[in-house]
2 protein chains.
Amino acid sequence: MSLEKEIKMEKKINTVRHEALLNVVRTADFIEKISYSFFKKYGVTAAQYNVMIVLKLAAKDLTQAQIGERLITSRANVTSLIDQLEKRKFVRRKSVADDRRVYIIELTQAGKDLLKKVEPAYLDIVEKKMAVLTVKENHQLSLLLTKLRKIFNVYDKEGDCADEILY
Amino acid sequence: MSLEKEIKMEKKINTVRHEALLNVVRTADFIEKISYSFFKKYGVTAAQYNVMIVLKLAAKDLTQAQIGERLITSRANVTSLIDQLEKRKFVRRKSVADDRRVYIIELTQAGKDLLKKVEPAYLDIVEKKMAVLTVKENHQLSLLLTKLRKIFNVYDKEGDCADEILY
DNA sequence: GATATACTGTTAATAGGCTAACAATATGGC
DNA sequence: GCCATATTGTTAGCCTATTAACAGTATATC
């Protein structure tokens with residue numbers, strides 16, 4: 001079903017380009033709604049889960065600013081995410097000797113335990129949902145989106161890339 | 001540049017399927033950030049613009065609930081969006097004789113004037129950005145995403161489709 | 001060493017999403 | 001007509017985002 005039929009539009013979407021953009025945003029919107037209710041079953045939000053996964057996958061200790069870079073979000077927002085997670089005892093702030101401005105954020109045992117439950121279930125659901133596309137199609141989709149995303153890396157200087165992530 | 005390199009991940013993304021999903025969400029996130037700052041220049045938010053475009057493109061008068069359906073958002077949220085737009089004098093609520101529960105939402109002249117300024121500029125920027133993909137690639141992207149989105153239309157009953165929209 | 005500049009995390013204001021509960025109103029079945 | 005059920009819009013509470021301003025700290029320059 002085309003997007004135009006799907007949304008009962010009274011006027012045509014102007015161009016192939018505009019339609020592609022709307023498809024990206026619209027599809028992500030569906031994915032995020034599903035994610036939100038999935039994570040809620042485990043008592044965390046998608047944003048909180050993303051923070052914890054970033055911490056889990058990081059090879060080194062991360063400060064709040066570094067978490068913000070990887071999640072493409074502001075330091076202000078990281079503060080409140082960490083506040084929430086700390087209140088739930090899933091992470092802790094740890095002061096750093098050589099830079100008294102920053103906190104290292106650590107997963108607590110409770111946080112690690114939660115991830116052990118949530119992550120496999122999450123990956124399982126992703127596998128099942130995305131299987132509507134063939135392996136080749138999934139790969140193609142990634143290629144197209146990666147190409148598209150280059151437009152937005154305006155602060156991507158001299159070959160180095162933005163140190164950001166989203167799970 | 002692959003997503004893995006782009007985000008300096010310490011561990012590999014598990015599968016092609018998971019990677020595709022992350023690419024969709026991540027790309028949409030960039031698009032939404034750009035949109036947000038674009039619309040801000042004109043004194044509206046992206047969500048407010050979407051409401052106005054829905055009203056403009058609708059062939060008939062729309063109630064708040066109908067706007068909510070097209071924007072895939074809750075009635076509660078529509079209430080606050082309309083509150084904002086009404087405060088800015090871009091739309092007005094109009095009572096309906098035969099159903100005293102509902103309001104018809106109308107664009108004011110100020111709202112129409114705003115759209116005349118914003119919409120061409122918006123479409124222009126979309127054309128320019130999306131031109132990083134060829135026409136064929138844009139078309140292919142739409143096809144893949146439309147196929148993918150079928151998973152999420154769980155409430156899509158008997159061939160009829162969800163009456164939702166996102167601009 | 002003093003000073004300007006940059007960076008980190010916090011706070012406040014604003015916006016937009018969600019769910020849940022509510023009152024008012026319509027509608028369907030009897 | 002009556003009553004149960006459904007729908008509409010509102011409200012409240014929560015969470016996540018944004019920007020802007022701020023204090024504290026590091027760093028670079030002189």
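Every chain is numbered from 1, with letters handed out A, B, ... down the list of sequences. Reckoned from all heavy atoms, side chains included, excluding hydrogens, waters and symmetry mates.
Listed for the B:Asn23 side chain is a donor-acceptor partner under 3.5 Å among the backbone atoms of B:Glu19.
Within the nucleic acid shown, B:Ser80 has no heavy atom closer than 4.0 Å to any nucleic acid atom. Residue A:Asp99 is classed as a sugar-phosphate contact, given heavy-atom separations below 4.0 Å to backbone atoms only. Heavy atoms of A:Thr63 sit under 4.0 angstrom from primed sugar atoms or phosphate atoms, though from no base atom.
Distances were taken from every side-chain heavy atom of B:Asn77 (C-beta onward) to each of D:dC15, D:dT8, C:dC18; the shortest belongs to C:dC18. Closest to the side chain of B:Gln64, out of D:dT18, D:dT10, C:dT10, is D:dT10. Distances were taken from every side-chain heavy atom of A:Ala65 (C-beta onward) to each of C:dG9, C:dT19, C:dA26; the shortest belongs to C:dG9. Among the nucleotides C:dG9, D:dT18, C:dG17, the one closest to the side chain of B:Tyr36 is D:dT18. The side chain of B:Val102 approaches D:dG9 more closely than any other nucleotide in the set D:dG9, D:dT19, C:dT19.
With DNA chain C read from its 5' end, the first of the two nearest nucleotides for A:Lys40 and B:Val44 is the one closest to B:Val44. Nucleotides of DNA chain C nearest to A:Arg101 and A:Ala76 differ in position, and the one nearer the 5' end is that of A:Arg101.
Residue B:Thr79 places at least one side-chain N or O under 4.0 Å from the OP1 or OP2 atom of D:dT10. Applying the 4.0 Å criterion to OP1 and OP2 of D:dC15, one finds that A:Arg88 has a side-chain N or O inside that range.
Between B:Asp83 and B:Arg93 there is a salt bridge, since a side-chain N of the basic residue sits under 4.0 Å from a carboxylate O of the acidic one. Taking the charged nitrogens against the carboxylate oxygens, B:Asp113 and B:Lys117 have no contact shorter than 4.0 Å, which rules out a salt bridge.
In the displayed structure, B:Tyr103 atom OH is contacted under 6.0 Å by at most 12 heavy atoms of other residues, nucleotides or ligands.
Screening A:Lys60, A:Lys89, A:Lys56, A:Arg92 against A:Glu106 for a salt bridge (Lys or Arg N to Asp or Glu O under 4.0 Å) leaves a single residue, A:Arg92.
Atom CD of A:Gln84 and atom C1' of D:dC14 are 8 Å apart (whole Å). Here D:dT19 presents its P atom at 14 Å from NZ of B:Lys41, a figure rounded to the nearest Å.
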